[in-house]
Amino acid sequence: MTPILYFVIPCYNEEQVLPETSGLFLAKLNSMIDSGKISPESRIMFVNDGSKDGTWNIISSLTEEDEHYSGISLSRNRGHQNALIAGLMEARLHADITISMDCDGQDDIDCSEQMVDEYLKGNEIVYGVRNDRKSDSAFKRTTAECYYSLLRGMGVEIIPNHADYRLMSSRVLDALAGYGEVNLFLRGIIPHMGFKSSVVYYSRAERIAGKTHYPLGKMISLAIDGITSFSVKPLRIITFLGLFVALLSFIGIIYALVSAATGNIVEGWTSMTCIICFVSGIQMISLGVIGEYVGKIYMETKHRPRYIIDERKNLKETSED
Ligand code: UDP
Ligand code: MG
């Protein structure tokens, strides 16, 4: 039986991009349906992540033009990762496989056919991996490299140069439904789940229009989330740092006592200042790191929903709502 494929495409303020890329997605879907690779019940599912522009209007009219388009609209902006999980959890109820990707044309749509081939060979997850980073600035390339090394150092398992362009089977999505965390970092969760997987390579294009929603600040937040949702190593580093500083302090105390015994009490102002600055700096950083984890625990204990679906187009309501 040919599988039902759902493309899951989060969109936030993408009115400049959607009119162009939606046609490309549909052409690809139709060509795969025509070649008998996927079922005619396959869909392109847009997730409107609380856009403030005309994105949802565009999605709504697309769903009226062609039954292969469908959409859900979240009640407000919840961020890329939440929009993605909302779409995936909705698609899980209708599809055998999903492919998630950006709506800006950066993820090479032709590659999705190879992903389906890999699935048909028996893989449950297929990762889209960039074969180069030519379309990135030197700054983004270097920071990405440093980030991957840092994650590896912290023991977090991720696929380098893979963002959120990936195929997942309904079995994987069912397993993913069990991950209720609100601090979502899908790039970490998916490899963590296991399952038979493979990789397809593609070259990432420039954005067709509009601008990125991941400026430096958001990238840093995602990077911190990636580490703190998966590793407690930073806490352990603090412990070792504490031990190291304690050792230094011990040496400092002996030095201070010896100085006092030799009657040399006034001297040492510089070293004292240095020590106070050093130790208080370390303490503030340590508190910050611990605070990151406490904050995460706080958010998790509330068990708040990660998203609320406000509207659906071309999608049946299901008993899971
Ligand atoms: N996106 C979203 N919600 C947000 C920010 C982004 O749904 O709050 C979507 C966006 O429309 C795009 C995808 O997530 O389809 C990735 O965002 P973007 O292309 O801006 O990131 P970049 O590719 O530059 O890292
Ligand atoms: Mg993009």
Side-chain angles (χ1 to χ4, degrees), residues 6-25 44-59 62 69-91 98-109 111-112 127-130 132-145 147-148 158-166 182-187 202-226 306-311:
Y6 270 50
F7 281 112
V8 175
I9 305 172
C11 310
Y12 177 56
N13 293 345
E14 300 283 11
E15 65 181 3
Q16 290 181 18
V17 167
L18 264 182
E20 241 175 288
T21 52
S22 53
L24 302 176
F25 301 144
I44 294 151
M45 195 174 96
F46 295 110
V47 182
N48 173 39
D49 184 17
S51 299
K52 292 172 183 69
D53 64 2
T55 301
W56 183 237
N57 289 340
I58 297 173
I59 295 172
L62 285 171
Y69 289 119
S70 62
I72 57 173
S73 184
L74 305 189
S75 58
R76 54 159 297 169
N77 179 245
R78 296 293 295 130
H80 178 208
Q81 298 288 292
N82 286 315
L84 208 51
I85 196 86
L88 292 170
M89 290 303 110
E90 182 74 18
T98 57
I99 295 180
S100 51
M101 62 181 173
D102 281 14
C103 74
D104 52 16
Q106 287 195 282
D107 298 326
D108 178 13
I109 180 82
C111 199
S112 58
Y127 298 101
V129 172
R130 303 172 62 167
D132 63 55
R133 280 192 162 263
K134 276 194 206 128
S135 59
D136 279 356
S137 65
F139 176 73
K140 198 157 180 175
R141 257 195 313 258
T142 326
T143 46
E145 277 308 315
Y147 181 52
Y148 290 131
I158 53 153
I159 314 281
N161 295 325
H162 159 73
D164 285 296
Y165 187 22
R166 71 175 83 80
V182 288
N183 295 290
L184 257 195
F185 186 62
L186 288 168
R187 274 166 237 192
Y202 72 103
S203 68
R204 193 164 160 92
E206 302 273 353
R207 227 174 198 282
I208 284 186
K211 57 178 189 332
T212 176
H213 300 98
Y214 276 102
L216 187 62
K218 263 202 191 173
M219 248 161 51
I220 293 174
S221 300
L222 185 71
I224 293 176
D225 266 355
R306 290 178 287 200
Y307 54 86
I308 299 166
I309 297 177
D310 183 27
E311 250 185 288

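Order of listing sets the numbers, starting from 1, for every ligand and every atom in it.
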- Would you mind checking which non-hydrogen protein atom is closest to atom 8 (O) of ligand 1, with the distance to 0.1 Å? Asn77 ND2, 3.2 Å
- Query: Is the backbone of Gly128 close enough, under 3.5 Å, to the side chain of Tyr202 for a donor and an acceptor to pair up by distance?
  - Reply: no
- Among protein heavy atoms, which sits nearest to atom 22 (P) of ligand 1, and what does the distance come to when rounded to 0.1 Å? Thr212 OG1, 3.6 Å
- Query: Would Gln106 count as a contact for the Mg ion (ligand 2), in the sense that one of its N, O or S atoms lies under 2.8 Å from it?
  - Reply: yes
- Task: Considering only NZ, NE, NH1 and NH2 on the basic side and carboxylate oxygens on the acidic side, decide whether Asp164 and Arg187 come within less than 4.0 Å.
- Result: yes
- Evaluating non-hydrogen atoms only, which member of Pro10, Gly50, Ala86 is closest to atom 7 (O) of ligand 1? Pro10
- Item | Metal site the Mg ion (ligand 2): N/O/S of Asp107 inside 2.8 Å | no
- Closest non-hydrogen protein atom to atom 19 (O) of ligand 1, residue and atom name please, with distance? Asp104 OD2, 2.7 Å
- Query: In the protein, which heavy atom is nearest to atom 18 (P) of ligand 1, and how far is it?
  - Reply: Arg207 NH2, 3.6 Å
- What's the shortest heavy-atom distance between Met101 and Phe7, and which atoms? CE-CD2, 3.5 Å
- Salt-bridge test for Asp108 and Arg204: reply yes if a basic N is under 4.0 Å from a carboxylate O, no otherwise. no
- Closest approach to the Mg ion (ligand 2) by Asp102, given as the N, O or S atom name: OD2
- Query: What do you reckon, does Met101 put a non-hydrogen atom under 4.0 Å from ligand 1?
  - Reply: no
- Query: Counting heavy atoms not belonging to Ile308, are there more than 12 under 6.0 Å from its CD1?
  - Reply: no
- Query: Looking only at distance, does Ala83 have an N or O less than 3.5 Å from an N or O of ligand 1?
  - Reply: no
- Is ligand 1 less than 4.0 angstrom away from at least one heavy atom of Glu206? no
- Message: Can you tell me if Glu311 has over 12 outside heavy atoms packed within less than 6.0 Å of its CD?
- Response: yes
- Message: Tell me the closest heavy-atom pair linking Gln81 and Leu184, and the distance in Å.
- Response: O-CD1, 3.5 Å
- Query: So which heavy atom in the protein is nearest atom 12 (C) of ligand 1, and how far is it from that ligand atom?
  - Reply: Glu14 OE2, 3.6 Å
- Task: Kindly confirm or rule out an N or O of Tyr12 lying under 3.5 angstrom from an N or O of ligand 1.
- Result: yes
- Query: Which atoms of ligand 1 sit under 4.0 Å from any heavy atom of Cys103?
  - Reply: 15 (O)
- Query: Looking at CZ of Arg78 and CZ of Arg306, how far apart are the two atoms once the value is rounded to the nearest 0.5 Å?
  - Reply: 10.0 Å
- Nearest to atom 20 (O) of ligand 1 by heavy atom, Arg78, Lys218, His213: which? His213
- Task: Identify the protein heavy atom lying closest to atom 13 (C) of ligand 1, giving its residue, its atom name and the separation to 0.1 Å.
- Result: Asp102 OD1, 3.5 Å
- So which heavy atom in the protein is nearest atom 25 (O) of ligand 1, and how far is it from that ligand atom? Tyr214 CD1, 3.6 Å
- Message: Checking contacts here: is it the side chain or the backbone of Ile9 that comes within 4.0 Å of ligand 1, counting heavy atoms only? Could be both or neither.
- Response: neither
- Verify the neighbour count for atom NZ of Lys211: are there more than 12 heavy atoms of other residues, nucleotides or ligands below 6.0 Å? no
- May I ask you to identify, for Asp49, whether its side chain, its backbone, both or neither come under 4.0 Å of ligand 1 on a heavy-atom basis? side chain
- Identify the two heavy atoms, one from Cys11 and one from Ser51, that lie closest to each other, and give their separation to 0.1 Å. O-OG, 3.5 Å
- Check all N, O or S atoms of Asp104 and name the one closest to the Mg ion (ligand 2). OD2
